[in-house]
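First the structure, which I've put down as structure tokens, then a few questions once you've had a look.
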Amino acid sequence: MNWGTLYTQLTGVNRHSTSLGKIWLSVLFIFRVSVLVVAAETVWSDEQADFVCNTLQPGCENVCYDHFFPISHVRLWCLQLIFASTPPLLVAMYVAHRRHEDKRGILCASRSRAKQEEDLESLRKRRLPITGALWWVYAASLLFRLLFEAVFMYALYAIYDGVWLPRLVRCEEVPCPNEVDCFVSRPTEKTVFTVFMAAASGACMVLNVAELAYLVAKAATRGPARRGVRKGQADYAAKDKGLLQMMRNETLMASSSSV
Amino acid sequence: MPITTVHVNRYYLEPRMNWASFYAVISGVNRHSTGIGRVWLSVLFIFRLLVLVVAAESVWGDEKAHFTCNTQQPGCNSVCYDHFFPISHIRLWALQLIMVSSPALLVAMHVAHRRHLDKKLYRRTGRGSPKELEQLKLQKMKITGALWWTYIISLLFRVLFESAFMYLFYRIYPGYKMFRLVKCDSYPCPNTVDCFVSRPTEKTVFTVFMLAVSGVCILLNITEVVFLVARATSQHLNNSKDSPLGAWITQKLFSY
């Protein structure tokens, strides 16, 4: 599982998140991904090898394991983490798109080459404010995150009837000759980790809800007038404060040099 | 270890998210710690993390495979293992390391927030050139004001988590000594069977070592709290003319 690549991608997105978004990312990687990789994967490593049934009938253990564990907890969590991490990439794609548009604007405007280079550099380093269309994309990404987390938590609960893993399961699938006792390996340790991961998931959901509430509150206090719609290239560029400031500085310098 | 968090993430990341990346994230905080904080971080990484990864994980590697019970009854081994080892020592220590290191992030977030405010101030006062902003990034933050409180709170949380885990350890495995033989009669074992633990002496050695280092870390954190409080108090006393708190403390001390 190449979590490193995901981490690199998400830390790139981090710059355009709110503070709650940054906290969410830390909670995700420290309490979920690293616990999964460092601890949980070793606990579940022998789950099938050490799933033992009280029978010599060949195939009975395989069938019973498959019946009681249709999808392993570890794989469910990996999928959950991947799905929960992809909506921020939506935001990254939108930011890249906006940057591309701004870049085109800078290159089209008739200025000297050195100034263009400077503008492009500052564009790359600048953090976009979460307003307008970016606000909607960001809010949509939060809603998707919440949705995916909720779906996976429900799936885990539905498949395993809760968080508690039993020590003993009774199985009577074909080819088991009768109802056999099958013993799950390390059930208590697995229960501890299941509870931990469920709690961390819950914490992430709470953070997402808080971030959504914060965004809505910020938009409401800002007022409808400033939640602008894209009118034209010039207006669009001018709404970006940094770019506006640079243009102002430029006109000032141009006027001072002409004096 | 003067490296910022952002640069470390980009350059030192290995293909797997593992302890190395964890180390990278946490050591980014190191620059804003006191001297004792840096000693704590070194103790944490050298005596706990490194020992855990390099030695302890191989000692506990075969804990289940070589947990043998004197019976042929299928399932008896699993059940007895689960009864005597509800959670493995290794996992407890890994969780302890993760939880104990997380308050450092509080400090990192506060430092990032302060830097952001400083950057804004620099830009407003016309010092927004890239060189000056780079310099700002490399500057060491002074532990004063609100950052002092965040730092103290993070230290108290560290002490709390360490103590909680040590207590949990004591509750689950009272005595700290690993037994060679345990007697088990859980279903489906037919009667009271003898079960043998793998490498008990080696496990006892490592358990004692990890607990001792935990204790040392707790002491270091408490010392750091005392040091910070003493420093703040002495600063207030030295500036007692400017600080009303310092004047109050001076007055109280000299009235007895």
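Computed from a predicted structure; not experimentally measured. Proteins get letters first, then strands, A, B, ... in listed order; numbering begins at 1 in each.
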Tell me whether F83(A) at atom CZ has more than 12 heavy atoms from other residues, nucleotides or ligands lying less than 6.0 Å away. no
Quick one: closest heavy-atom pair of F183(A) and G75(B), and the distance?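 Smallest heavy-atom distance, with atoms named: CD1-CA, 3.1 Å.
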Tell me whether the count of non-hydrogen atoms from other residues, nucleotides or ligands lying under 6.0 Å of CZ in F196(A) goes above 12. yes
Begin from the C-alpha positions of T42(A) and R91(B) and carry the test side chain to side chain contact (heavy atoms under 4.5 Å, CB included) through to its verdict. CA-CA 9 Å; T42(A) 32; R91(B) 254 75 68 182; 3.5 Å; yes
Measuring heavy-atom distances to chain A, does H83(B) have an atom under 4.5 Å in its side chain, in its backbone, in both, or in neither?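 Both parts, backbone and side chain.
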Counting only non-hydrogen atoms closer than 4.5 Å, does F193(A) touch chain B with its backbone (N, CA, C, O), its side chain (CB onward), both, or neither?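 When you check distances to chain B, only side chain atoms of F193(A) fall under 4.5 Å.
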Using a 6.0 Å cut-off, check whether atom NZ of K103(A) has over 12 heavy atoms from anything other than its own residue.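 At most 12 heavy atoms, drawn from other residues, nucleotides or ligands, come within 6.0 Å of this atom.
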So, taking the atom named CE in M99(B) and the one named CD1 in I30(A), what distance separates them when rounded to the nearest 0.5 Å? 11.0 Å
Please determine, among L36(A), V43(A), V184(A), the option with the most heavy-atom pairs under 4.5 Å with chain B.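 Top option by heavy-atom pairs under 4.5 Å: V43(A).
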Which of L168(A), V192(A), T55(A), D50(A) touches chain B most, by non-hydrogen pairs under 4.5 Å: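 Highest number of heavy-atom pairs under 4.5 Å: D50(A).
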Out of curiosity, I23(A) CD1 to M109(B) CE, how far, rounded to the nearest 0.5 Å?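 If we round to the nearest 0.5 Å, I23(A):CD1 and M109(B):CE are 4.5 Å apart.
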Heavy-atom distance under 4.5 Å to chain A: side chain of Q72(B), backbone, both or neither?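 Contact with chain A: none, neither part.
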Checking C182(A) against chain B: side chain, backbone, both or neither under 4.5 Å from a heavy atom?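 Contact with chain B involves no heavy atom of C182(A) at all.
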So for N54(A), is it side chain, backbone, both, or neither that comes closer than 4.5 Å to the heavy atoms of chain B?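 Looking at N54(A), backbone and side chain both touch chain B.
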Does atom OH of Y187(B) have more than 12 heavy-atom neighbours, drawn from other residues, nucleotides or ligands, at distances under 6.0 Å? yes
Pick one of side chain, backbone, both or neither for S88(B), based on which atoms fall under 4.5 Å of a heavy atom in chain A.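 Interface part for S88(B): both.
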Roughly how far apart are I87(B) CD1 and K190(A) NZ, rounded to 0.5 Å?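 Taking CD1 in I87(B) and NZ in K190(A), the distance rounds to 13.5 Å.
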Counting only heavy atoms from other residues, nucleotides and ligands, does the tally under 6.0 Å from CZ of F47(B) exceed 12? no
Rounded distance [0.5 Å steps], NE2 in H113(B) versus OG in S19(A):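 Here the interatomic distance stands at 8.0 Å.
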Heavy-atom pairs under 4.5 Å with chain A are the metric here; pick the option from S186(B), P74(B), A94(B), A65(B) that has the most. P74(B)
Could you measure the distance from the CG atom of L97(B) to the OG atom of S34(A)? Nearest 0.5 Å is fine.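 Result: 10.5 Å between the selected atoms.
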Other residues, nucleotides and ligands only: do more than 12 of their heavy atoms fall within 6.0 Å of CG on L117(B)? yes
Closest heavy-atom pair and its distance - R186(A), D82(B):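 So the two residues come closest at C-OD1, 3.6 Å.
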Can you check side chain to side chain contact (heavy atoms under 4.5 Å, CB included) on S78(B) and F51(A), steps first, answer last? CA-CA 9 Å; S78(B) 286; F51(A) 181 80; over 6 Å; no
Measure distances from I90(B) to the heavy atoms of chain A and classify the residue's part below 4.5 Å as side chain, backbone, both or neither. neither
